[in-house]
Every structure is written in C-alpha cells, then in structure tokens.
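Read through the structure below, which is laid out as structure tokens, and then see the notes.
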Amino acid sequence: MHRTLADDLSRLPELLQSARDLAARELAGLPERPVVHLGKAPDREALPAGGAGAQGALARFAERWAPGFSGSAGPRYLGFVTGGATPASLAGDWLTGVYDQNGSGAAGSWATALERETVSWLRALFGLGEAHSGAFVTGATASNTVGLAIAREWLGERLGVSVSRDGAAALGPVHVLSGSPHSSIGKALSVLGIGRDRLRSVPVLSGNREAVDVAALDSALSALDGRPAIVVANAGTVNTVDFDDLRAIAALRERHDFWLHVDAAFGGFAALSPSYAGLVEGLDAADSVCVDLHKWLNVPYDAAVQFTRRRDLQVAVFHNASPYLGLPVGEPDFVHLTPENSRRLRALPAWFSLMAYGRDGHREIVERNVALARELGERVAATHGLRLLAPVRLNVVCFTLADDPTQERVDALARAVAATGEAFVTPTVYDGTPGLRAAFSNWRTSAADVDRISGAVARAL
C-alpha cells in the first residue's frame, strides 16, 4: 500500500474528526455566509506528484476553495428550487460514503431492500397506490427521462414495434403534448431520440395561468385521429407553481389513447399538506411520475425518484443483458430499471430524513415555506418599483420591475441582489416579461430571513 495511504488509514479517526470539525464550523456559519460568491475563483494548480496526505488536502481545501463556495444550503438561497440538507439526511449522506454500497442489485447487501422500503414510503407520501413502482435516480431530468423512455416503449407496444430493440425510428413521428413543460422535457426527448421539436405546446388557461387548457388538450388529441401520444402534465410549473387538472386530463383517456406522464418535481410535495393536497388530486392516475428529492425533501444532491405503473416496460428499456448481473425476474434489481449500472445508495439520506421527521415534520417544512413565500409576495407587491407577475400559489414568488422591465434592467437587479450577499434569486421570462423567481424550499428558512431577503431586494432597486 502506498505510504501516504497507509498513514491516512492509520490516522482515519483523527482525519474524520478534522473533517467533522470543518463541517460543523461551516454549518454553524451558514446563516451568515454570503449566499453567493461573485469573485474570481483561484487559478488552476498542477496535480501534485507526491500528494499532501488527507490532512494536507483538507487544510488546502479549507484555505483555497471553501471560502468561495455558495451558501446554497442556507435559508436565503432562493434560486432555482434548491433545498438544503436536514441534519438527519446529512448524517445519512455521510454514512452512504462510509458504506459505499453499489445499489444496483440485491446480491450480498441489504442496501437494495432499504431503497425499496424508502420508495414505498415516498409512494405513500405522495398518495400513489401500490400499482406504482419506483427507483432512485439523480434528479428531475433523469426522472423525466426514465418516465418518457417508458412512455416511448408504450408507444411501440401500441403500434406493434419494440423500440428497445428496433430503435425510436420504428415509431415514426411521435406526438408529445404539454401546456407549460419544464426544459428538462425537451432535453429528455432529445436524449431519447424522439426530438425536441416533437414537443407540441398546448394553450394554457387564460387569466395569468400556466395550467393547460384541458379543452384545448382534448382538441389536440382529437386531431391525432386515434394515433397514440404522450401527454406531459405539470404538477407545479417553474414560474408560478401552477397545477394542471390531473383528474380532468386522466379522464380524457376515455376518448383518447395517450400515456400520462406527470412532472411533479417539487409540486408533488403539496400532497403532504391537507391545505394543498387538492392540487395533486389525480396523481395516482398517471402512468409515470417524476419527483425531485433534493428540492423539497431537503436531502443532499443528488436524489430524485421516478414512479411508473408499467415496470414491465421499464425493464424492457433498461435491463442489462449480462450473465454476471442476472436476469430481471421476480422483483427486478435496480440495474434493470434505470440508466445506471453502478448506483450510489441515494436512498439512505432520504430514509434517514423520513425516519427522523416523518410525514408531520416534512409537512411542516412545506407549509412554513408556503407561508413565507406568501409573506414575501405581499412585501414585493407593497414595494414601490416592483410588481408581482402572478399570484403566489405555493412556494415561488415571481416578480419584476414595475416600470420598464427590460432584460437588461431585470438582470441588473438580480446581480445587485446577489451582490448584497443576503439573497439569491434566478431570472425568468413569464408571459413575455423578464422577471425574477424566489423559490422557498429550504428547511432552515424563517420569518427573519424574509425580512433580510425583502430588505436586500429593496436596497438593490
């Protein structure tokens, strides 16, 4: 064994204690850490020949790189839809590295059984029935890609071809319909060989809405003359967290032949609260569902889950035909269900957080974030020089400049907010108007943080 490796192994308890001390200091300072760092990163250095040892690497990282990391795990990082890491999930994530399990199959480890238990808990959390099976993937993009890959195979089944064997070209033109799809849907269609341009935009409801007009969707499906299609419904749109009427869309299958995929990346968590669960009624009727966990479940990156009613088609797409991996019989190993062969045990941090805080603890996070988003929305509406672009429906505040909201001026406002170090918001365009999004999904965020966020935005005007 290399001498430095042997030395590190002999001092491993001390090394882990040093890493723990650094982590504790960073976490303790997170509420006051600049939310983003806008300065120039260090110049690259050459790879050392001899190596500094683990303690030396830790010291070098703390000196050279740690100061420039963002406070994205903290309470005032409102960009994208970014959760933090609950204490329990962080402990689970550390142990994930310690055990270093390859969660591709059940041979020799209980890790796969733990993932299956975690998936069953999440299925119940989102109100899905036992007909839905699931697996952990890296994020919403991977989850949407898996769901649409299964939909692609279903199209082949309806048309009498096997896409997994014959390729996507055997389908001919594919029709994918959606009202306000996330950009990852187009990316998934590109990866799957369906094509970004096969995504057809269906009109949305009038009155400052992003939810699909179900009557317009009905008409679009009728125009296909019975050819099977894919419908991507949205349970929480990016800009304004609007929800498609899932029950009404599912009811269209009485007249039309389509696969219903629901992108519930963060909106699916509305199911946790009795006040908002009605927004996702009908989710169980979906053929496939995407939910992102490093958003509102507040587990470390990266983690998401995908669900489907057609695990048989999922196996047809993703099975790995190799003698040493075994055949996908009975309850298939996860190697036969997702694009990955080797898989980090992403379920363990989620298992820890669900076990530690239960349904009630995670419901409290959701309801508190929604209340805080509404509070910020009220302050934005009352601030001279700002206006809301849409009502605050759940956990995202979409707003812009009251006068002359050009892209240049809105981008300047976003930079000025970030420069305060107090908050971070991301740009968008809503109904043709450049704006900003403030997304609440961190378990740490409090009313005091809303004071600081609204103050930072006001000072940046």
Side-chain angles (χ1 to χ4, degrees), residues 135 137-204 210-214 216-239 244 249 252-253 256-265 286-292 304 306-310 312-319 337-340 428-429 432:
V137 290
T138 57
T141 300
S143 183
N144 281 326
T145 301
V146 170
L148 292 173
I150 305 168
R152 185 185 61 177
E153 195 70 13
W154 173 86
L155 285 174
E157 182 181 72
R158 305 302 284 174
L159 297 172
V161 299
S162 171
V163 178
S164 62
R165 294 184 179 276
D166 301 329
L171 292 174
V174 173
H175 302 279
V176 185
L177 310 177
S178 188
S180 302
H182 186 266
S183 59
S184 63
I185 299 299
K187 184 174 184 176
L189 295 176
S190 174
V191 168
L192 294 170
I194 294 173
R196 295 177 188 266
D197 290 348
R198 301 310 304 171
L199 179 59
R200 176 179 170 186
S201 179
V202 180
V204 297
E210 289 185 304
V212 71
D213 183 329
V214 177
L217 178 60
D218 188 8
S219 297
L221 289 165
S222 295
L224 300 180
D225 294 326
R227 185 173 176 85
I230 300 171
V231 171
V232 177
N234 300 288
T237 57
V238 171
N239 283 330
D244 289 342
I249 294 173
L252 294 178
R253 288 188 293 197
H256 306 293
D257 196 18
F258 63 90
W259 177 277
L260 177 56
H261 175 76
V262 178
D263 183 352
D287 297 298
S288 55
V289 178
C290 157
V291 183
D292 217 341
Q306 59 77 213
F307 296 100
T308 185
R309 290 177 170 274
R310 293 296 305 272
D312 59 322
L313 297 181
Q314 185 172 5
V315 170
V317 176
F318 293 107
H319 76 275
L337 299 177
T338 73
E340 300 167 298
T428 191
V429 176

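Please read all numbers here as calculations on a predicted model, not as lab measurements.
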Distance in Å, L177 CG paired with H256 NE2, rounded so as to fall on 0.5 Å steps: 10.0 Å

Residue pair V174 / R152, side-chain heavy-atom distance below 4.5 Å: no

Exercise: identify the closest heavy-atom pair between A149 and V317: O-CG2, 3.7 Å

Side chain S222, main chain D218, donor-acceptor under 3.5 Å: yes

D263 (side chain) donor-acceptor with N234 (main chain) under 3.5 angstrom: no

Minimal non-hydrogen separation, V146 against L337, with atom names: CG1-O, 4.2 Å

Nearest-0.5 Å distance, CG of residue N239 to NE2 of residue H182: 10.0 Å

Donor-acceptor contact below 3.5 Å, side chain R253 vs main chain F258: no

Residue pair V176 / W259, side-chain heavy-atom distance below 4.5 Å: no

Criterion salt bridge (Lys or Arg N to Asp or Glu O under 4.0 Å) on E153 and R310, from CA distance to verdict: CA-CA 10 Å; E153 195 70 13; R310 293 296 305 272; over 6 Å; no

Side-chain (T308) to main-chain (D287) donor-acceptor, under 3.5 angstrom: yes

Interatomic distance, D257 atom CG to R158 atom CZ [nearest 0.5 angstrom]: 4.0 Å

Minimum side-chain heavy-atom gap L171-V161 below 4.5 Å: yes

Heavy-atom donor-acceptor pair, Q314 side chain to I150 backbone, under 3.5 Å: no

Closest non-hydrogen atom pair between R196 and G186, with its separation: CG-O, 3.3 Å

Qualifying residue for side chain to side chain contact (heavy atoms under 4.5 Å, CB included) with I185, from L199, T145, T141: L199

Short side-chain to backbone donor-acceptor contact, D292 and A140, under 3.5 Å: yes

Nearest non-hydrogen partners of V163 and G156, listed with the distance: CG2-CA, 4.0 Å

N/O donor-acceptor pair under 3.5 Å between R227 side chain and H175 backbone: no

L260 CG to R309 CZ distance, which is reported to the nearest 0.5 Å: 10.0 Å

Result of checking D244, I249, V262, L252 against V231 for side chain to side chain contact (heavy atoms under 4.5 Å, CB included): I249

Rounded distance (nearest 0.5 Å) linking atom OG of S219 with atom CG of L224: 11.0 Å

Side chains of E210 and S180, donor plus acceptor under 3.5 Å: no

Sole candidate of S288, S143, S178 that passes side-chain hydrogen bond (donor to acceptor under 3.5 Å, both in side chains) when paired with H261: S288

Spacing of T138 atom OG1 and E340 atom CD [to the nearest 0.5 Å]: 6.0 Å

Contact summary for A142 and V137, nearest pair of heavy atoms: CB-CB, 4.0 Å

Which atom of I230 lies closest to which atom of A151, heavy atoms considered: CD1-CB, 3.7 Å

